[in-house]
Amino acid sequence: MYNKREAGARIGIPSIILVLVVLCLVVFGVLALVTVDRDAKLTRRTSQSIQNFYKADSQAEEALAQLDTYMIQTRQELESWEDWDTWSKVKQDRAYKEKLIEALSEDAQFVAGVEDDNQLVVSYQIPIDTRQILKVKVLVRPYERGDMERYTPLEWVVHTGEEWEYKELEFQEIKIED
């Protein structure tokens with residue numbers, strides 16, 4: 001009646017297919033778990049990076065507020081001098097810059113200097129993490145009595161410890177002949 005060989009073959013093929021399907025499901029399940037784990041680690045690192053940046057940004061804003069306080073105090077001190085109003089604007093501005101540089105030199109976080117065009121620039125940096133810093137550069141505006149705009153931010157940039165090399169691309173002419 002029935003041949004044993006035929007019966008065994010009919011049971012074997014579905015079993016092999018079932019084993020392959022189960023094996024595929026196990027592999028896809030493991031891949032899904034690995035992907036979820038990597039995504040969770042990436043999310044934690046990204047979250048920490050964002051928290052570090054905003055903490056550094058907040059510290060940079062506090063340092064800018066401290067710089068503004070130095071500027072206000074310097075202006076008030078100079079305006080209290082008896083003959084201050086008789087000075088020329090150029091002399092007032094020079095005295096203001098010198099006094100401000102003197103005040104900032106006592107605070108280690110600020111670096112102040114006069115650039116080529118006789119403009120006072122103050123810079124400072126705030127560490128974000130072990131590989132990044134937030135660099136801030138501010139242009140101190142010339143002295144004007146009652147002027148509320150005491151500075152202009154020039155740079156507020158995140159820098160990594162690595163220097164980027166810029167290389168000019170060279171293009172070669174390609175001739176296509178028919």
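Note on V140: it does not cluster hydrophobically with V90, by side-chain heavy-atom contacts below 4.5 Å among ILVMFWY residues. Side-chain heavy atoms closer than 4.5 Å link hydrophobic residues (I, L, V, M, F, W, Y) into clusters, and following such links, even through other members, never connects L67 to I72. The hydrophobic cluster containing V114 also contains L100, counting ILVMFWY residues as joined when their side-chain heavy atoms lie under 4.5 angstrom apart, directly or transitively. One hydrophobic cluster, built from ILVMFWY side chains closer than 4.5 Å, holds both I50 and W156. Under a hydrophobic-cluster definition in which Ile, Leu, Val, Met, Phe, Trp and Tyr are linked whenever side-chain heavy atoms come within less than 4.5 Å, directly or via other members, I13 and L20 are assigned to different clusters.
The closest donor-acceptor contact from the side chain of D129 to the backbone of Q132 lies under 3.5 Å. T35 places a side-chain N or O within donor-acceptor distance of the main-chain N or O of L31, the cut-off being under 3.5 Å. Although no hydrogens or angles enter the test, the distance criterion places no donor-acceptor pair under 3.5 Å between the side chain of S58 and the main chain of Y54. In terms of modelled atom types and a separation under 3.5 Å, the side chain of S47 and the main chain of T43 share no donor-acceptor contact. Put simply, the side chain of Y124 gets close to the backbone of A60: a donor and an acceptor are under 3.5 Å apart.
Under the 4.0 Å criterion applied to side-chain N and carboxylate O atoms, E77 and K99 are assigned as salt-bridge partners. With respect to D93 and K89, no salt bridge is recorded, no charged nitrogen being found less than 4.0 Å from a carboxylate O.
Relative ring orientation between W84 and W87 is described as tilted, the plane-to-plane angle lying within the 30° to 60° band.
The CE atom of M71 sits 6.5 Å away from atom CZ of R150, with the distance rounded to the nearest 0.5 Å. Remark: I126 CD1 to I133 CD1 distance equals 10.0 Å, nearest 0.5 Å. Note that the CD1 atom of I16 and the CG atom of L23 stand 13.0 Å from one another [nearest 0.5 Å]. In this structure, CD in Q109 is found 11.0 Å from OG in S123, a value given to the nearest 0.5 Å. Note: Q92 CD to D85 CG = 7.0 Å, rounded to the nearest 0.5 Å.
The minimum heavy-atom distance between K137 and V121, with the atom names listed, is CG-CG1, 3.3 Å. Residue R75 comes nearest to P142 through the heavy atom pair NH2-O, 4.1 Å, listed as atom of the first residue, atom of the second, then distance. Across A112 and I101, no two heavy atoms sit closer than the pair CB-CG1, 4.2 Å. Scanning all heavy atoms of the two residues, the minimum distance from A56 to P127 falls at CB-O, 3.8 Å.
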For this session: Any chance you could lay out the side-chain contact (heavy atoms from CB on, under 4.5 Å) test for K55 and Q59, step after step, and finish with the verdict?
Result: CA-CA 6 Å; K55 181 179 177 186; Q59 290 172 350; 3.7 Å; yes
Problem set entry | Evaluation steps, side-chain contact (heavy atoms from CB on, under 4.5 Å), between L64 and D68 | CA-CA 6 Å; L64 188 59; D68 197 40; 5.9 Å; no
For this session: Show your working on side-chain contact (heavy atoms from CB on, under 4.5 Å) between Q48 and F53 and close with a plain yes or no.
Result: CA-CA 9 Å; Q48 187 62 46; F53 170 78; over 6 Å; no
For this session: Could you walk me through whether Q66 and D107 pass side-chain contact (heavy atoms from CB on, under 4.5 Å), step by step?
Result: CA-CA 10 Å; Q66 180 64 36; D107 194 333; 4.1 Å; yes
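Within the 4.5 Å cutoff, the side chain of T160 has no heavy atoms near those of the R131 side chain. Counting heavy atoms from C-beta outward, V136 and E155 have side chains that stay 4.5 Å or more apart. The shortest side-chain heavy-atom distance between L154 and V138 does not fall under the 4.5 Å cut-off. Taking 4.5 Å as the limit, some side-chain heavy atom of V122 sits within range of a side-chain heavy atom of L104. Looking at heavy atoms from C-beta onward, V158 lies in side-chain contact with I128 at the 4.5 angstrom threshold.
At least one cation-pi condition fails for R141 and Y151: the charged atom is not both under 6.0 angstrom from the six-membered ring centre and inside a 45 degree cone around its axis.
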